Amino acid sequence: MRQSQLFGRTLRDNPADAQIPSHQLLARAGFIRQLGAGLFTLMPLGSRSSLKIEQIIREEMNAVGGQEMDMPLVQPAELWQESGRYEALAGRELLAFKDHNGRENVLAMTHEEAVTTHARTEISSYRQLPLTAYQIKLKFRDELRPRAGLIRVREFKMKDAYSFHADEAGLDETYERMYDAYARIFERCGVPAVSVESDPGMIGGTAAHEFMLVTPSGEDRLALCKGCDYTANAEIAVFEKGKRSFGDPLPMEEVSTPNCETIAEVADFLSVPTAQTIKAVLYMSEDGLVFAGIRGDLEVNETKLANAVGKALRPAEDSEIRAAGIVPGYASPIGAEPSLIVGDDSLLDQTNGVAGANRKGFHFKNVNMPRDFAWDICADIALAQDGSPCASCGGALEAANGIEVGNIFKLGVKYSEAMGATFLDENGRQKPIVMGCYGIGVGRLLASAVEANYDADGILFPVSVAPFQVHIVPVGRGKAVQEAADALYEKWTDEGFEPLYDDRNESPGVKFKDSDLIGLPARVTVSERTLAQDAYETKLRRATDREIVPIEEFNLQALLDEARRLEAE
RNA sequence: CGGGGCGUAGCGCAGUCCGGUAGCGCACCUGCUUCGGGAGCAGGGGGUCGGUGGUUCAAAUCCACUCGCCCCGACCA
């Protein structure tokens with residue numbers, strides 16, 4: 001490609017809206033342009049990199065037996081009503097609209113409904129299983145809040161794969177293969193992703209992993225063990241809470257605790273450790289007020305709590321709390337009437353705890369379970385925090401942020417049961433097909449590749465993801481230089497390489513700055529100075545030094561191999 | 001949806017408080033010079049100041065409404 005003809009130019013300043021490195025660099029280098037909130041155009045450079053990533057994904061999906069297919073973006077709303085997701089999502093992330101005949105349609109935010117529809121008509125026998133299909137297809141999600149450039153957008157390409165199995169064991173096998181394929185994809189894209197255990201959600205999935213690029217720009221919170229290989233999304237991370245017992249149970253008594261509305265204030269006032277207190281956090285579910293109790297030195301994890309309750313939750317408002325007979329700041333389940341009481345398992349060992357008295361300015365001392373109150377559910381609902389002890393090895397969990405570049409998910413029979421996708425097993429029994437689903441956001445992966453590979457001058461593209469392989473930069477306007485550069489460009493193009501040729505009438509400084517910004521893995525400079533030595537000058541983007549290479553010895557393939565070697569370091 | 005911020009030329013910004021000819025840098029065009037890390041000189045083109053309505057002799061500036069974008073939060077199948 002001749003750069004003088006390239007659609008999309010570099011910018012000297014960061015767009016004011018861009019906050020994170022990948023957004024700033026991709027915009028400045030001319031890869032992306034914003035069209036609206038969460039709506040980005042991939043300019044030719046961006047499109048080329050995206051296609052490179054898609055091809056890597058395609059190869060790895062094919063390698064594990066995936067069959068590529070292509071399902072519609074626009075789908076009948078009935079499909080989504082059938083699966084039960086329409087009511088929950090339409091008008092929120094799921095964009096619903098009428099066509100000219102008044103039919104209700106949606107823009108697909110994912111394709112479980114469509115693929116399950118096909119599975120139920122195409123699959124009828126265990127002999128057809130297992131089967132894996134995938135597509136690389138546009139998705140539309142009307143995100144409540146798009147953000148961070150390509151990280152969270154409304155319209156994006158996603159590789160979504162779906163596997164179908166006769167039983168859980170078959171699913172496990174494909175899940176493992178997908179896991180390995182994912183690891184290869186991210187490695188090939190230059191993204192050092194770590195896999196973390198993630199929330200299978202309330203929909204009955206049995207396991208899920210997310211692949212994360214650990215970076216401060218990420219919006220997911222992770223818990224990574226420094227001592228062993230335990231990694232998890234903070235939403236579900238488990239940790240060692242330790243046993244905190246405070247002597248043999250004593251009779252419960254009410255004590256005056258004026259102006260003690262926080263755990264710290266109460267513990268301080270009564271001279272007890274925070275672990276001897278009982279923290280109350282109140283949520284609302286569709287069934288009413290949910291009281292969550294946890295040892296005072298811990299925090300409630302809302303995702304874990306919601307999973308334990310099996311309902312969506314939101315923080316309760318003061319009026320709702322008071323309606324159940326609970327006094328904010330002095331809350332406890334004693335003498336109150338929430339619709340559900342959930343206790344963290346950290347309370348199992350606690351004795352003589354301090355809980356609110358549901359009376360302003362008073363707490364109970366020596367509260368003991370189950371003598372003084374009972375809970376409906378006991379579960380792990382605690383939030384892992386930076387430094388929490390690892391449940392596996394006792395080492396410290398480290399809190400980190402990450403960008404979720406992909407996920408794999410054991411769906412089980414949620415969709416096949418809801419939509420009647422069944423098969424006959426070898427005994428002639430009708431069973432729901434066991435399913436898995438596996439997603440990778442292509443644009444997000446591109447952004448992550450940049451997020452993981454840049455320096456102060458610009459992007460450091462891995463060869464695999466770079467829009468072009470080599471940047472030809474002629475310096476000086478002499479005829480000899482131009483002819484030599486033209487010849488190089490044509491030679492490499494003919495040989496099947498992908499050169500970007502900066503044939504613009506720009507000063508050397510501008511060309512070098514732009515070259516660093518765009519970040520192709522290799523740069524070859526042609527100038528009077530180099531031609532005088534019958535040589536080219538090479539500079540790998542990741543290398544610190546330039547080299548003069550005699551023309552007759554020049555080998556572009558070797559240069560690119562060296563670039564790959566530097567990437568691996 | 002709650003909170004905050006911002007909309008002035010392709011990009012980055014000043015001007016708004018305190019109403020009075022719409023500016024700066026970069027980018028772009030022409031000419032000359034220059035040519036190894038974002039060149040110089042000279043000339044030039046480009047803006048319904050997000051939109052609508054109002055106040056006023058006069059509105060980028062004041063008022064009302066509205067649209068858009070960004071950030072924090074809620075949410076994230």
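So that the names make sense, note that chain A is the first sequence line, chain B the second, and so on, each numbered from 1. Model, not experiment: these values are computed from the prediction.
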Give none if [N] has no partner; otherwise give the nucleotide forming a Watson-Crick or G-U wobble pair with it, both distances under 3.5 Å.
{"N": "rG7(B)", "value": "rC67(B)"}
{"N": "rG43(B)", "value": "rC29(B)"}
{"N": "rG12(B)", "value": "rC24(B)"}
{"N": "rC49(B)", "value": "none"}
{"N": "rC62(B)", "value": "rG54(B)"}
{"N": "rG19(B)", "value": "none"}
{"N": "rG38(B)", "value": "none"}
{"N": "rG2(B)", "value": "rC72(B)"}

If the [atom1] atom of [N] is compared with that of [M], how far apart are they to the nearest Å?
{"N": "rG36(B)", "M": "rG46(B)", "atom1": "C1'", "result": "34 Å"}
{"N": "rA27(B)", "M": "rA39(B)", "atom1": "C1'", "result": "15 Å"}
{"N": "rU8(B)", "M": "rU48(B)", "atom1": "C1'", "result": "12 Å"}
{"N": "rG31(B)", "M": "rU21(B)", "atom1": "C1'", "result": "31 Å"}
{"N": "rG20(B)", "M": "rA59(B)", "atom1": "C1'", "result": "10 Å"}
{"N": "rA9(B)", "M": "rC67(B)", "atom1": "P", "result": "22 Å"}
{"N": "rC71(B)", "M": "rC29(B)", "atom1": "P", "result": "33 Å"}
{"N": "rU61(B)", "M": "rU16(B)", "atom1": "P", "result": "12 Å"}

Using a heavy-atom cut-off of under 4.0 Å over every strand shown, decide if [X] touches base, sugar-phosphate, or nothing.
{"X": "Thr530(A)", "answer": "base"}
{"X": "Asp514(A)", "answer": "base"}
{"X": "Ala148(A)", "answer": "sugar-phosphate"}
{"X": "Glu302(A)", "answer": "sugar-phosphate"}
{"X": "Arg33(A)", "answer": "nothing"}
{"X": "Arg85(A)", "answer": "sugar-phosphate"}
{"X": "Gln19(A)", "answer": "sugar-phosphate"}
{"X": "Pro474(A)", "answer": "nothing"}
{"X": "Glu219(A)", "answer": "nothing"}
{"X": "Arg147(A)", "answer": "base"}
{"X": "Arg546(A)", "answer": "base"}

Check whether the side chains of [X] and [Y] place a donor and an acceptor atom closer than 3.5 Å, and report yes or no.
{"X": "Asn301(A)", "Y": "Glu235(A)", "value": "no"}
{"X": "Ser163(A)", "Y": "His165(A)", "value": "yes"}
{"X": "Thr117(A)", "Y": "Glu113(A)", "value": "no"}

Roughly, in whole Å, what's the span from [atom1] in [X] to [atom2] in [N]?
{"X": "Asn505(A)", "N": "rA27(B)", "atom1": "CG", "atom2": "P", "result": "14 Å"}
{"X": "Arg28(A)", "N": "rC26(B)", "atom1": "CZ", "atom2": "C1'", "result": "13 Å"}
{"X": "Met109(A)", "N": "rC76(B)", "atom1": "CE", "atom2": "P", "result": "11 Å"}
{"X": "Glu93(A)", "N": "rC76(B)", "atom1": "CD", "atom2": "P", "result": "8 Å"}
{"X": "Leu517(A)", "N": "rG38(B)", "atom1": "CG", "atom2": "C1'", "result": "11 Å"}
{"X": "Arg504(A)", "N": "rG36(B)", "atom1": "CZ", "atom2": "P", "result": "16 Å"}
{"X": "Glu143(A)", "N": "rC70(B)", "atom1": "CD", "atom2": "P", "result": "13 Å"}
{"X": "Asp516(A)", "N": "rG37(B)", "atom1": "CG", "atom2": "P", "result": "13 Å"}

| field | Per-nucleotide protein contact string for nucleotides 40-50 of chain B, where B marks a base within reach and S marks sugar-phosphate only (heavy atoms under 4.0 Å, - for neither) | value | -----------
May I ask you to verify if any side-chain N or O of [X] is less than 4.0 angstrom from the OP1 or OP2 atom of [N]?
{"X": "Arg145(A)", "N": "rC76(B)", "result": "no"}
{"X": "Ser507(A)", "N": "rG38(B)", "result": "no"}
{"X": "Gln34(A)", "N": "rC70(B)", "result": "yes"}

| said: When you measure only distances, ignoring hydrogens and angles, does the side chain of Glu506(A) come within 3.5 Å of the base of rG38(B) through a donor and an acceptor? | reply: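 Donor-acceptor pair under 3.5 Å: no.
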Measure from the side chain of [X], starting at C-beta and using heavy atoms only, and say which of [options] lies closest.
{"X": "Val475(A)", "options": "rG25(B), rG36(B), rC13(B)", "value": "rG36(B)"}
{"X": "Arg152(A)", "options": "rC76(B), rG38(B), rC28(B)", "value": "rC76(B)"}
{"X": "Phe512(A)", "options": "rG10(B), rC69(B), rG36(B)", "value": "rG36(B)"}

Tell me if the aromatic rings of [X] and [Y] count as close, with their centers under 6.0 Å from one another.
{"X": "Trp492(A)", "Y": "Phe554(A)", "answer": "yes"}
{"X": "His209(A)", "Y": "Tyr179(A)", "answer": "yes"}
{"X": "Tyr415(A)", "Y": "Tyr162(A)", "answer": "no"}

| field | Check: Met158(A) main-chain N/O paired with Lys137(A) side-chain donor or acceptor under 3.5 Å | value |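 No.
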| query | Does any N or O in the side chain of Arg542(A) come within less than 3.5 Å of the main-chain N or O of Pro521(A), such that one atom is a donor and the other an acceptor? | reply |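 Checking the backbone N and O of Pro521(A) against the side chain of Arg542(A), no donor-acceptor pair under 3.5 Å is found.
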| Distance in Å, Leu213(A) CG paired with Glu451(A) CD, rounded so as to fall on 0.5 Å steps |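 One finds 7.0 Å between CG of Leu213(A) and CD of Glu451(A).
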| Between Leu39(A) and Lys513(A), which has a closest nucleotide on RNA chain B that is more 5'? |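 Final value for this comparison: Lys513(A).
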| query | Toward the 5' end of RNA chain B, which comes first, Asp17(A) or Leu144(A), by nearest nucleotide? | reply |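 Nearer the 5' end of the strand: Asp17(A).
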| query | Val290(A) pairs by side-chain contact (heavy atoms from CB on, under 4.5 Å) with which of Val281(A), Leu282(A), Val342(A)? | reply |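 With Val290(A) as partner, side-chain contact (heavy atoms from CB on, under 4.5 Å) holds for just one option, Val342(A).
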| query | Would you call the rings of Tyr438(A) and Tyr175(A) parallel, tilted or perpendicular if under 30° counts as parallel and over 60° as perpendicular? | reply |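 Geometry flag for Tyr175(A) against Tyr438(A): tilted rings.
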| task | On the 0 to 90° scale, with breaks at 30° and 60°, tag the Phe211(A)-Phe186(A) ring pair as parallel, tilted or perpendicular. | result |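 Tilted, since the angle between the ring planes falls between 30° and 60°.
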